[in-house]
2 protein chains.
Amino acid sequence: MPEETLPEQIARQLRRDILRGKLPPGTSIKERDNAAEMGVSRTPMREAIRILAQEGLVILRPARSPIVAQPSIKEISDQVEVLIALEKLSAELACKNATEAEIDALAATLDYMDKNFETADPLDMFETDMGFHASLARMSHNDVIAELHRTLLERLWRARYLAARRRRNRERVIVQHGSIVDALRNRDRAAALAAIEAHLGHLDRDIRNVLAQEAEAALATE
Amino acid sequence: MPEETLPEQIARQLRRDILRGKLPPGTSIKERDNAAEMGVSRTPMREAIRILAQEGLVILRPARSPIVAQPSIKEISDQVEVLIALEKLSAELACKNATEAEIDALAATLDYMDKNFETADPLDMFETDMGFHASLARMSHNDVIAELHRTLLERLWRARYLAARRRRNRERVIVQHGSIVDALRNRDRAAALAAIEAHLGHLDRDIRNVLAQEAEAALATE
DNA sequence: TTTTTGAATTTGGTATACCAAAAATCGTTG
DNA sequence: CAACGATTTTTGGTATACCAAATTCAAAAA
């Protein structure tokens, strides 16, 4: 059995629907209706909505229906700024704290990506890529960093996915990930920082571009 | 009118009781009993408990009563590490983004502390000190940073309060805050980083000391 | 036709009832 | 007397009922 609480299951389902676009921004999430639709009562549905609100996916309004959030470009950009800062901090700390076994595991992930980059499902490869970064955060051996990083990565999932589809480039990803692993092996903090910078430096601009483009398309079909 | 929801009010009351030590770590927070005691039903009490769980003050256990968290030294230390990193990032960004008016307001806070340091209630002065740092985070003009900083400051409230009581030293606090303001005025990122480092560099060690000392005292009265 | 108003409906907030799992209690048995 | 086990109690999880605020919409008046 999955050992996941009912509110978490509901939250996961709603999260999927929101990220996949089935529930576009602005849609109201009514406790009663959604609960009935999923065959549960309002209590766990209510709790699930709170979870998503905490994640920033829905907005709670006093005495009104919660609605699916429409993150502004600024919000996304702020999140990316913090994400990058956390990864830099992770890299520095990981140089000091990561075990050899952890670095080996990270290298194995890199190797897996290298071998399967062209053949595997793009979505799987994207998940692996996210996993690489999540592992790096955990290698800081600072649970707060790992947790914050995980949360931000989750919130940025959709934006990063859209941005990644454009820059799908084996050389770039593999080489840059490789230089991160090398820096960790050498316990070279400056090199690690530089490698993160090189890898994520364009992320903010990329995401801004793809979101602006999407907003434009949305206006066109209006 | 306060316009604060009932669960938030309940959470605030419980938070006070926990931070003040009225509910020591390990105490179980029973939905039914606590709700009855405060004259509300289980539903908002339940929600309040989730809020505190999210803040890390209580631990949710599957099919068990939530209990007041006993943060380990490691957890506190991890949080301090991230807090310092966020303040450094804030200072850098504030050098670029803060308005002159914001810097003036920060300087006013500093001036207030300077004039009232000895006469005011230590708790008030501590709150003002926290407000100084919260303002700095907001001056990054990055809402994610400001929000994370606020959350961490809240979680570390008790530990910082205990640590601050020892190092209550007018010179130190006023001068160091002053150098932060000066760095911001000059838009000097390096100086701002150095000022934050000088001000918070010992925080981790101080908190570790005071917590270790407290744990020792707890054992003695056992 | 437009505006206003008030009643019906919708919706989140709160209280309560019910259930199942886990603890605790207590009696039984070796 | 100790160890085990059944039963009672406690407790969180879920469902449902009720309420009040807010919205909506229609009817009536200007």
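Within every chain, numbering begins at 1; the chains are lettered A, B, ... in the order of the sequence lines, protein sequences first and strands thereafter. The figures that follow rest on heavy atoms only: side chains count, while hydrogens, waters and symmetry mates do not.
For C/dG12, the OP1/OP2 oxygens have a side-chain nitrogen or oxygen of A/S65 closer than 4.0 Å.
Straight-line distance from the NZ atom of A/K30 to the P atom of D/dT24: 10 Å, rounded to whole Å. Residue A/M38 contributes atom CE, which lies 13 Å from atom P of D/dT14 at whole-angstrom precision. In this structure, A/E8 places its CD atom 11 Å from P of D/dG13, rounding to the nearest Å. Nucleotide C/dC19 holds its C1' atom 14 Å from the CD atom of B/E31, rounded to whole Å. Taking atom CD on B/E47 and atom P on C/dG12, their separation rounds to 13 Å, with Å as the unit. In this structure, A/Q9 places its CD atom 14 Å from P of D/dG13, rounding to the nearest Å. The distance from atom CG of B/L60 to atom P of D/dG12 is 10 Å, rounded to the nearest whole Å. In this structure, CE of B/M45 is placed 17 Å from P of C/dG13, rounded to the nearest angstrom.
Legend: side-chain hydrogen bond (donor to acceptor under 3.5 Å, both in side chains) pairs involving residues 53-63 of chain B, not counting sequence neighbours, sorted by first then second residue: B/R15-B/E55.
In this view, B/A108 satisfies the side-chain contact (heavy atoms from CB on, under 4.5 Å) rule with no residue, not counting sequence neighbours. For the salt bridge (Lys or Arg N to Asp or Glu O under 4.0 Å) test, no residue two or more places apart in sequence or in another chain qualifies with A/R16. By the side-chain contact (heavy atoms from CB on, under 4.5 Å) test, B/R208 is found to be paired with B/I73, B/S77, B/D204, residues two or more places apart in sequence or in another chain being considered. Residues forming a salt bridge (Lys or Arg N to Asp or Glu O under 4.0 Å) with A/D104 (at least two apart in sequence, or on another chain): A/R185. Judged as a side-chain contact (heavy atoms from CB on, under 4.5 Å), and not counting sequence neighbours, the contacts of B/E102 are B/A98, B/T99, B/M139, B/H141. Taking B/T43 as the reference, B/S41 meet the side-chain contact (heavy atoms from CB on, under 4.5 Å) condition, with sequence neighbours excluded. Shown here are the side chain to side chain donor-acceptor pair (under 3.5 Å) partners of B/E87, two or more places apart in sequence or in another chain: B/H133, B/H149.
Distance alone, capped at 3.5 Å, is enough to place a donor-acceptor pair between the B/Q9 side chain and the B/E4 backbone. A donor-acceptor pair under 3.5 Å is formed between the side chain of B/D78 and the backbone N or O of A/D143. Not a single donor-acceptor pair under 3.5 Å links the side chain of A/Q79 to the backbone N or O of B/V144.
Looking at heavy-atom distances under 4.0 Å, B/I10 makes no contact with the nucleic acid at all.
Using a 4.0 Å cut-off between a side-chain N of Lys or Arg and a carboxylate O of Asp or Glu, A/R150 and A/E154 qualify as a salt bridge.
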Short N/O separations, protein against nucleotides 7-9 of chain D, under 3.5 angstrom:
none

Would you tabulate the pairs of protein nitrogen or oxygen atoms and nucleotide nitrogen or oxygen atoms of nucleotides 15-17 of chain C closer than 3.5 angstrom?
{"from": "C/dA15", "atom 1": "OP2", "to": "B/S41", "atom 2": "N", "distance (Å)": "2.8"}
{"from": "C/dA15", "atom 1": "OP2", "to": "B/S41", "atom 2": "OG", "distance (Å)": "2.9"}
{"from": "C/dA15", "atom 1": "N7", "to": "B/T43", "atom 2": "OG1", "distance (Å)": "2.8"}

At a cut-off of 3.5 Å, list every protein nitrogen or oxygen paired with a nitrogen or oxygen from nucleotides 21-23 of chain C, distance to 0.1 Å.
{"from": "C/dA23", "atom 1": "OP1", "to": "B/R64", "atom 2": "NE", "distance (Å)": "3.3"}
{"from": "C/dA23", "atom 1": "OP1", "to": "B/R64", "atom 2": "NH1", "distance (Å)": "2.5"}

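Using a 4.0 Å cutoff on non-hydrogen atoms, no part of residues 48-59 of chain A comes near DNA chain D.
Aromatic ring pairs are classed by plane angle as parallel below 30°, tilted from 30° to 60° and perpendicular above 60°; the pair B/H177 and B/H199 is perpendicular.
With hydrogens and angles left out, the side-chain atoms of B/Q13 and B/D17 include a donor and acceptor closer than 3.5 Å.
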